[in-house]
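Contents: one structure, followed by commentary.
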Number of protein chains: 2
Amino acid sequence: MNIGELARAAATKVETIRYYERIGLLPAPPRTAGNYREYCATHLMRLIFTRRGRDLGFSIEQIRALLDLANQKNRSCKAVAVIAREHLAEVKRKLADLTAMQQELETIIGQCRNDTVADCRILEALAQKEGQA
Amino acid sequence: MNIGELARAAATKVETIRYYERIGLLPAPPRTAGNYREYCATHLMRLIFTRRGRDLGFSIEQIRALLDLANQKNRSCKAVAVIAREHLAEVKRKLADLTAMQQELETIIGQCRNDTVADCRILEALAQKEGQA
DNA sequence: CTTGACCCTGTAGCAACTACAGAGTTTATA
DNA sequence: TATAAACTCTGTAGTTGCTACAGGGTCAAG
């Protein structure tokens, strides 16, 4: 399997795969006579794991840690759960932030009367410090 | 007002102010004899506007556009509303993404039985392609 | 007159890619 | 067999929005 085929199989860009190799997330595969990377199913599994983790919002470092843990088969998976719960907490923090933004934006936009810029409520709202009506 | 005072007044870091100047978001102020930046109330207003926009999640380029519009006092503010609504739409997209992530993470974490790594449901879930149970 | 708190410029770093340039390789077709 | 298209290679620079130095200069207090 060359890099293009791997990329298609994991729904990833070729450059991203090379990037993962450069940062040590995906092991460097053997090369063909023409210096092409030659991947096997193990690489594909690792890459799918990585992409899935990224889709779920885990950082590269978290994924690195998860991949390390996944290789210690008879350890307890508590450390895995810790990473997952930490990430979930972070997701919840971001959700709270975004929800607050959404509400403020809706309030501000709702006040717009399509006046001239001089009386624009949106611009007025932006000119205030946080929370000031 | 020197840069440190401006920073305190707008709850911003000094380096951030210099960064905004470098990218042309905040106009370069006059300098004192000792080459210190000398700011006035106009700068403070512009910086507060910028920080407020950033807190609401607008990009630097959107803030640049909003500041430009704010200076054309007798134009209609429709263009302002367009930018705000576009940003709100983006916020909603991100909220949807994060909400999906949150749900998936909670499902995955809920399946954890604190087994060994070899049977870890979290790691299993990460090894699947998206949506596969 | 020196200590400390500030300010200056310029550059490099962060995350996680993405996008080239300029070269070599493989494969399909004429 | 030639050649063109489609791939691959390395290396480097760009993206966003800052943040963090290093190595200097300035200013006010004691």
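Just so it is clear: chains get the letters A, B, ... in the order the sequence lines come, proteins before strands, and each one is counted from 1.
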What does A:Phe58 touch in the nucleic acid at a heavy-atom separation under 4.0 angstrom: a base, only the sugar-phosphate, or nothing? nothing

Could you tell me how far apart A:Asn2 (CG) and C:dT25 (C1') are, to the nearest whole angstrom? 11 Å

Upstream residue (5' side of DNA chain D) when A:Arg8 and A:Glu21 are each assigned their closest nucleotide: A:Arg8

Heavy atoms of other groups near B:Lys78 NZ, more than 12 under 6.0 Å: no

Of the residues in residues 27-46 of chain B, which ones touch DNA chain D at a heavy-atom distance under 4.0 Å? B:Gly34, B:Tyr36

Any Lys/Arg nitrogen of A:Arg64 or A:Glu61 sitting under 4.0 Å from an Asp/Glu carboxylate oxygen of the other? yes

Check whether any side-chain nitrogen or oxygen of A:Thr16 sits under 4.0 Å from OP1 or OP2 of C:dT18, and answer yes or no. yes

A:Lys13 NZ to C:dC20 C1', straight-line distance once rounded to whole Å: 13 Å

Rounded to whole Å, please give me the gap between CD in A:Glu15 and P in D:dA13. 17 Å

Just the rounded figure in Å: distance from P of D:dT19 to CZ of B:Arg22. 12 Å

Under 4.0 angstrom between B:Arg51 side-chain N/O and D:dG17 OP1 or OP2: no

Taken to the nearest whole Å, CD1/A:Ile60 to P/C:dC14 is 14 Å

Give the minimum heavy-atom separation between B:Ala28 and B:Glu21, together with the two atoms involved. CB-OE2, 3.7 Å

Contact class for A:Arg54 (heavy atom, under 4.0 Å): base, sugar-phosphate, or nothing? sugar-phosphate

Among the clusters formed by ILVMFWY side chains lying less than 4.5 Å apart, do B:Met45 and B:Val80 turn up in the same one? no

Testing the basics here: between A:Leu69 and B:Val117, what is the closest heavy-atom pair and its distance to 0.1 Å? O-CG1, 3.2 Å

When you check the phosphate oxygens OP1 and OP2 of C:dC17, does a side-chain N or O of A:Tyr20 lie under 4.0 Å from one of them? yes

Does B:Glu106 come within less than 4.0 Å of A:Lys92, counting only side-chain N to carboxylate O? yes

A:Ile3 has an atom CD1; how far is it from atom P of D:dC7, in whole Å? 13 Å

Whole-Å distance separating the CD1 atom of B:Ile17 from the P atom of D:dA20: 15 Å

Is the shortest distance from a Lys or Arg side-chain nitrogen in A:Glu104 or B:Arg52 to a carboxylate oxygen in the other one below 4.0 Å? yes

Whole angstroms only, please: what is the CZ-C1' distance between B:Arg64 and D:dT16? 12 Å

C:dC8 phosphate, OP1 or OP2, under 4.0 Å from B:Arg18 side-chain N/O: yes

